[in-house]
Structure formats: C-alpha cells, structure tokens
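Input: a single structure, listed below in structure tokens.
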Amino acid sequence: MKKTVGLLSVIIMLGMTGYSLFYSAPAETSAKKTTATTYSFEKKTSTKKNAVQKALPKANAEDWNLVLVGPKNKIEKEVDESQLTTLSDNSHQVDKRIASDYEAFSEAATKAGFPLVIISAFRSVESQKEVFDTNVNGLVSGNGMSEADAIAKTKETITEPGFSEHHTGLAVDIVDQDWYNSYSTQVLDASYGDQPGAKWIAENAPKYGFIIRYPKDRQDITGITYEPWHIRYVGKENAEYITKHNLTLEEFLKELSAK
C-alpha cells in the first residue's frame, strides 16, 4: 500500500511539473517574439531614416546658393557689385556664379523653340525701394488712398524693400518670346503657367540648377502667390531633388537642417 502511494505521488509530481513547463513555455516564447518584433521595427525605422538622409543632396542650409530671402526673411547683407555680372542680353545682372548655368539654360530654351526674355534679375534694395515708393505714391495721389492702405495694396504685388529674392542675384523673372510678344494686359501673370513655354521652363529649369521658386498653392509656406515666371538658382542637385519631391525651398532647408 505504501509502495502504491509512493508511486502515485511521483506520478502526480511529474504531472504538475509537465503542466508547469507546458504553460510557462509560451510566455517565454511570446516575450522573445515581442522583443524580436520591437528590434525589427526599430531597425526598419532606422534604415528608412538613413535612406532618406542618404537621398538628400550633399548640401548645407548655410550654402551661398540656398540663402533664404522672402516676406519673413530680410536679406542680411546685400550682394557686392564685384559679385555681379551682366548676362548676354546686356540688360540684366546676376551673381556671377550662376551666369554660365543660366546662359546654358537660355540656349537650351532657344533650341527647344522657347527663347527666353528676361523681365527682371538682380535688384538692389535701393532700386526696390524706388519701385515700391513710386507705386505707393501713385495710389495715394491717383486713387485717393491713405498711405497705410496704399502700402498694404502695394505689398500685394511688389515685395517690400529688403525682402525681395532679387536682392540675392540668384533670382530671374523670365517668360518665353511668344508670350512676351502676345500678352494683352500684364506680362507677369499667373495664367502664363498654362502656356507651353512656362511648362518647358518648369520641366527643364532643374537640369540647370533652377527651381520655380513660388509654386502653385504653396503661398502658406512661401508667403508669395504662384509665379511661374520666377526662377531661383539653388544648384543642380538641389534643384532636381526639390522638384522631384515637390518641395518649396523652405521645406528643403528644413530637411537639410534635420539630417
């Protein structure tokens, strides 16, 4: 009888041990699985972040060709006259570091059947002030506006002195010859963006280091309404990246600062 009881005790103990092992194993496996999943997720996230960083051009937000000037960013220092050069049209100046790329772009446009006409390029702060003040005075004397209202109205179409990208020598306002010859009201009009010449400019400008600086429906970021005629030099690699990813210069600079 004692032998039987002893045998039963052994069987019961073995059964309890097996039960314990059977039910504790999944918990350990689950823990390992969770840890592995977390590691895998972190690894994938890290890899994805690194891939984005590697895709960014080798540029720095402080580079000369990425200077930010606009409604909220006043130019810190005007371009020295020695840094400027006159383009082949003998009428407009740009930063001499971008001249060869612009001339190559202009030549390509001519070959494509869209010879370019420069409307505006470098403008000093002083010349911008003259244009701005002339418009304000005209609205006051001709339309009877108060000076405050005239200034506000002028700001809708003319950038305040010190805040124009044209002060950098990196911006050029252009249209193609056909548009220039046929426009009926104002040559710099948003409707130009629908023209074949404007579409060619937008598609090909990045190959030469230029972007459409103020794209459609991005005024909330740039502070400037759509200007299909306004191109800005940022460098070839930067321009192609910005255009490919449908970015504004402001968004691109944020990406560079975050890398």
Side-chain angles (χ1 to χ4, degrees), residues 69-72 87 89 91-94 98 102 105-106 108-110 112-124 127-140 142-143 145 149-161 163-234 239 242-243 246-250:
V69 177
K72 296 181 180 179
L87 293 172
D89 72 341
S91 300
H92 297 87
Q93 291 182 306
V94 295
I98 79 168
Y102 176 79
F105 176 50
S106 179
T110 299
F114 303 106
L116 302 178
V117 178
I118 301 175
I119 306 301
S120 181
F122 169 77
R123 291 199 300 267
S124 67
S127 63
Q128 185 78 8
K129 186 176 187 305
E130 291 176 5
V131 173
F132 191 88
D133 290 347
T134 298
N135 199 78
V136 170
N137 294 333
L139 291 174
V140 171
N143 295 47
M145 287 187 178
D149 288 343
I151 290 174
K153 183 67 176 177
T154 298
K155 284 183 178 180
E156 292 179 7
T157 53
I158 301 175
T159 307
E160 190 176 1
F163 295 85
S164 173
E165 199 171 56
H166 286 283
H167 300 328
T168 66
L170 304 175
V172 187
D173 289 342
I174 54 172
V175 295
D176 67 274
Q177 189 73 56
D178 283 348
W179 174 261
Y180 183 79
N181 292 340
S182 62
Y183 74 93
S184 56
T185 53
Q186 185 175 334
V187 64
L188 299 182
D189 190 272
S191 62
Y192 176 57
D194 297 324
Q195 300 300 310
K199 291 179 180 179
W200 186 93
I201 289 170
E203 182 179 348
N204 291 276
K207 300 173 186 176
Y208 301 88
F210 295 90
I211 59 171
I212 300 299
R213 177 66 177 92
Y214 306 118
K216 189 179 291 186
D217 300 325
R218 309 306 288 279
Q219 184 180 357
D220 57 324
I221 299 173
T222 65
I224 303 290
T225 55
Y226 176 46
E227 294 189 356
W229 61 83
H230 184 104
I231 61 172
R232 157 66 194 267
Y233 189 83
V234 294
I242 288 171
T243 304
N246 192 30
L247 300 174
T248 61
L249 178 57
E250 286 83 358

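If you read the sequence from its start, that first residue is 1, and numbering goes on from there. Because only heavy atoms are used, hydrogens play no part in the values below, and waters and symmetry mates are left out as well, while side chains stay in. All figures in this text were calculated on a predicted structure; none of them were measured in a lab.
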Between [X] and [Y], what is the shortest heavy-atom contact and its length?
X	Y	value
Ala202	Pro206	O-CD, 3.5 Å
Gly223	Pro71	O-CG, 3.8 Å
Thr222	Pro215	CG2-CD, 4.5 Å
Ala239	Gly209	CB-C, 3.6 Å
Gly193	Ala198	CA-CB, 3.8 Å

Describe, in one word, how the ring planes of Phe210 and Tyr233 are oriented to each other, choosing from parallel (under 30°), tilted (30 to 60°) and perpendicular (over 60°).
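Ring orientation, 0 to 90° scale: perpendicular.
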Under the side-chain contact (heavy atoms from CB on, under 4.5 Å) criterion, do Ile231 and Ile212 qualify, and how do the steps go?
CA-CA 5 Å; Ile231 61 172; Ile212 300 299; 4.0 Å; yes
Measure the [atom1]-[atom2] distance between [X] and [Y] for me, rounded to the nearest 0.5 Å.
X	Y	atom1	atom2	value
Trp229	Gln195	CH2	CD	13.0 Å
Arg218	Ile224	CZ	CD1	14.5 Å
Glu227	Thr225	CD	OG1	5.5 Å
Leu87	Ile98	CG	CD1	7.5 Å
Ile221	Leu249	CD1	CG	11.0 Å

Sequence neighbours left out, what passes salt bridge (Lys or Arg N to Asp or Glu O under 4.0 Å) with Asp133? Give chain and number order.
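Per chain and number, Asp133 pairs via salt bridge (Lys or Arg N to Asp or Glu O under 4.0 Å) with Lys129.
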Can you name the salt bridge (Lys or Arg N to Asp or Glu O under 4.0 Å) partners of Glu203, sequence neighbours left out?
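Partners of Glu203 under the salt bridge (Lys or Arg N to Asp or Glu O under 4.0 Å) test: none.
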Report the residue from Thr154, Asp149, Ile158 that forms a side-chain contact (heavy atoms from CB on, under 4.5 Å) with Val136.
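For Val136, the side-chain contact (heavy atoms from CB on, under 4.5 Å) test succeeds with only one of Thr154, Asp149, Ile158, which is Thr154.
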My understanding is that only residues two or more places apart in sequence, or in another chain, count here; which of them pass ring-ring contact (aromatic ring centres under 6.0 Å, His included) with [X]?
X	value
Phe132	none
Tyr102	none
Phe122	none

Just by distance, do the side chain of Gln128 and the backbone of Thr159 share a donor-acceptor pair under 3.5 Å?
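Present.
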Given side chains that start at C-beta, do those of Asn135 and Leu139 come closer than 4.5 Å, heavy atoms only?
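A side-chain contact exists here, since the closest heavy-atom pair is under 4.5 Å.
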Close side-chain approach of Ile201 to Phe105, heavy-atom, < 4.5 Å
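They are in side-chain contact.
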Once side chain to side chain donor-acceptor pair (under 3.5 Å) is applied, what residue pairs with a partner in residues 164-180 remain, sequence neighbours excluded?
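Residue pairs with at least one partner in residues 164-180: Glu165-Arg213, Glu165-His230, Glu165-Arg232, His166-Asp173, Asp173-His230, Asp176-Tyr192, Gln177-Asn181.
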